[in-house]
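First the proteins, then the strands, lettered A, B, ... as listed; each starts at 1.
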2 protein chains.
Amino acid sequence: MPWDTARTRRLLLEAGGRRFAATGFAGTSVADISRDAAVNKERLYAYFGNKRQFFDQVLAHRLDGLLDGLDVTGTGPDAVRDWTGRLWDRYAADRDMARLLAWESLELTGPAVTVHRLSACAGAARVLREVLPARDEAAARQLLLSLVVLVTGAWTLPGLGALITPDGDAATRRSAVLEHAEALARAAQPD
Amino acid sequence: MPWDTARTRRLLLEAGGRRFAATGFAGTSVADISRDAAVNKERLYAYFGNKRQFFDQVLAHRLDGLLDGLDVTGTGPDAVRDWTGRLWDRYAADRDMARLLAWESLELTGPAVTVHRLSACAGAARVLREVLPARDEAAARQLLLSLVVLVTGAWTLPGLGALITPDGDAATRRSAVLEHAEALARAAQPD
DNA sequence: TCACGTCCCAACCAAACGTTTGGAGATTCG
DNA sequence: CGAATCTCCAAACGTTTGGTTGGGACGTGA
């Protein structure tokens, strides 16, 4: 059997994403990850240095593409609603994403912001501004932030949902968030 | 020097709130809390059973009052903006609150929902519905959830803020959130 | 074929972890 | 007072942690 070091690396990164998303940095042991990946933990140290550097790699690997490819189709509040819906569906398809984002914010003092993610956000703000042309850059960014927080919060603060809408399911919440996103976009537009 | 067991308990609960808010349940050791409280850690076990039960007590102690006393003054979207602003200021005055809320959602599988918090949320939804009388119960709760998520997210997902609004400060974000809250309330109202 | 470097694993290590114990002062009640 | 009880602490317990090590299996170039 030949070696496949790229596969070993990938197995570790994937298992790290799963475990860190589930229990966070402090709540996950290297042995957990090693067991999930079915790879000896010594490999993690050989490839990534230590647990903390490995965590950074996992975050970059899983979060850099957060806003990539969420193109806007059309213009106006409807387009904003569409975009928000696609962001929601991205989280729904990759449950780990939102949780990793939350752990990053909570467990790291300074967010491990990569250049890639920064420019992706700038791109999203620019696109949003084209769609809602009347607002200035700052207002567009504030709107973008509210949209992302609204969607991300649904996945990272499930306790609030259970508390405030005890009988609500994900589909209802999704359509409510989209309605709210559209309302925000409409209000941001000049009349 | 006489004993003051109530004080010892309080010191532990306060230190637990600080430490858990800063580094979460898994990231905080009992020794950390004991050091912060200047109380022997054996007292924590004597009073609260174990680390996990102590965590639950800290959450209940600090989070039960989350929505208490946030009375609504006036009616209509302006009142909703006011209410949202008071929630924001509550978080600003007690930085631990939002973070504890986030840790609770992330680290506990089922949210440790207390009866007290559930009824407080029901009360808030009822008040909100009185302020915006046209909407049904479900829509009022969805709106309330969006407002709380919007405000809470600002404190629990600071990484997103740093990413999307790199130059923004708390005051600008506050007024943007209030503007958005008012817009949501306005959209929820019938014309 | 042999020697050298790479990949991998089991076993190991010291430190930190959650939790318990033994006993020293303080309080209470007879 | 004296014995029982309560509050508190220092030290210890066994386990788990992040991280390392020694050696065997494999690939590569001569």
Side-chain angles (χ1 to χ4, degrees), chain A residues 1-62 100 103-104 106-109 112, chain B residues 1-62 100 103-104 106-109 112:
Chain A
M1 176 83 88
W3 281 318
D4 190 345
T5 89
R7 174 175 170 276
T8 303
R9 266 186 76 101
R10 184 173 45 78
L11 287 176
L12 283 172
L13 279 174
E14 287 171 0
R18 281 189 296 272
R19 302 310 307 144
F20 284 139
T23 52
F25 177 74
T28 303
S29 74
V30 178
D32 283 341
I33 299 164
S34 152
R35 204 175 308 118
D36 187 326
V39 165
N40 192 281
K41 66 176 174 171
E42 176 266 354
R43 288 291 83 196
L44 188 150
Y45 292 97
Y47 288 138
F48 302 100
N50 59 32
K51 186 189 175 188
R52 173 56 204 277
Q53 291 172 40
F54 175 66
F55 186 52
D56 291 343
Q57 293 278 318
V58 169
L59 290 179
H61 178 246
R62 297 293 294 272
L100 286 173
W103 292 118
E104 177 192 46
L106 286 173
E107 301 199 276
L108 272 43
T109 54
Chain B
M1 176 85 86
W3 280 320
D4 190 345
T5 88
R7 175 176 170 275
T8 303
R9 266 185 76 100
R10 184 174 44 79
L11 287 176
L12 283 172
L13 280 173
E14 287 172 0
R18 280 190 297 271
R19 302 311 306 146
F20 284 139
T23 52
F25 178 73
T28 303
S29 73
V30 177
D32 282 342
I33 299 163
S34 151
R35 204 175 308 119
D36 186 326
V39 165
N40 192 279
K41 61 181 172 171
E42 176 267 354
R43 287 291 86 195
L44 188 149
Y45 293 95
Y47 288 138
F48 302 99
N50 59 32
K51 185 189 175 189
R52 174 54 205 277
Q53 291 172 42
F54 175 65
F55 186 53
D56 291 343
Q57 292 279 319
V58 168
L59 289 180
H61 179 246
R62 297 293 294 270
L100 286 173
W103 293 116
E104 177 193 45
L106 286 173
E107 300 199 279
L108 272 44
T109 55

Atom-pair distance (CD on Q53(A); P on dG19(D)), nearest Å: 9 Å

Sugar-phosphate only, base, or nothing, as touched by T28(A) at under 4.0 Å among non-hydrogen atoms: sugar-phosphate

Residue whose nearest DNA chain C nucleotide is more 5′ - K51(B) or E42(B): K51(B)

Phosphate contact (dC7(C) OP1 or OP2) by Y47(A) side-chain N/O below 4.0 Å: no

Under 4.0 angstrom between T8(A) side-chain N/O and dC8(C) OP1 or OP2: yes

From CD (E104(B)) to CG (D56(B)), nearest 0.5 Å: 8.5 Å

Whole-Å gap separating C1' (dC26(D)) and CG (D4(A)): 14 Å

Distance, rounded to the nearest Å, where N50(B) contributes CG and dC17(C) contributes P: 17 Å

Identified ring-ring contact (aromatic ring centres under 6.0 Å, His included) partner of F54(A) from the options F48(A), Y45(A), Y47(A): F48(A)

Listed nucleotide nearest any side-chain atom of V39(B), set dC9(D), dT19(C), dC9(C): dC9(D)

For atom OH of Y45(B) and atom P of dC17(C), their distance in whole Å: 11 Å

Among dT7(D), dG18(C), dG18(D), the one nearest K41(B) by side-chain distance: dG18(C)

Heavy-atom side-chain proximity of F25(B) to W103(B) below 4.5 angstrom: no

Between dC17(C) (C1') and D32(B) (CG): distance, integer Å: 11 Å

Spacing between R43(B) atom CZ and dT21(C) atom P, to the nearest angstrom: 14 Å

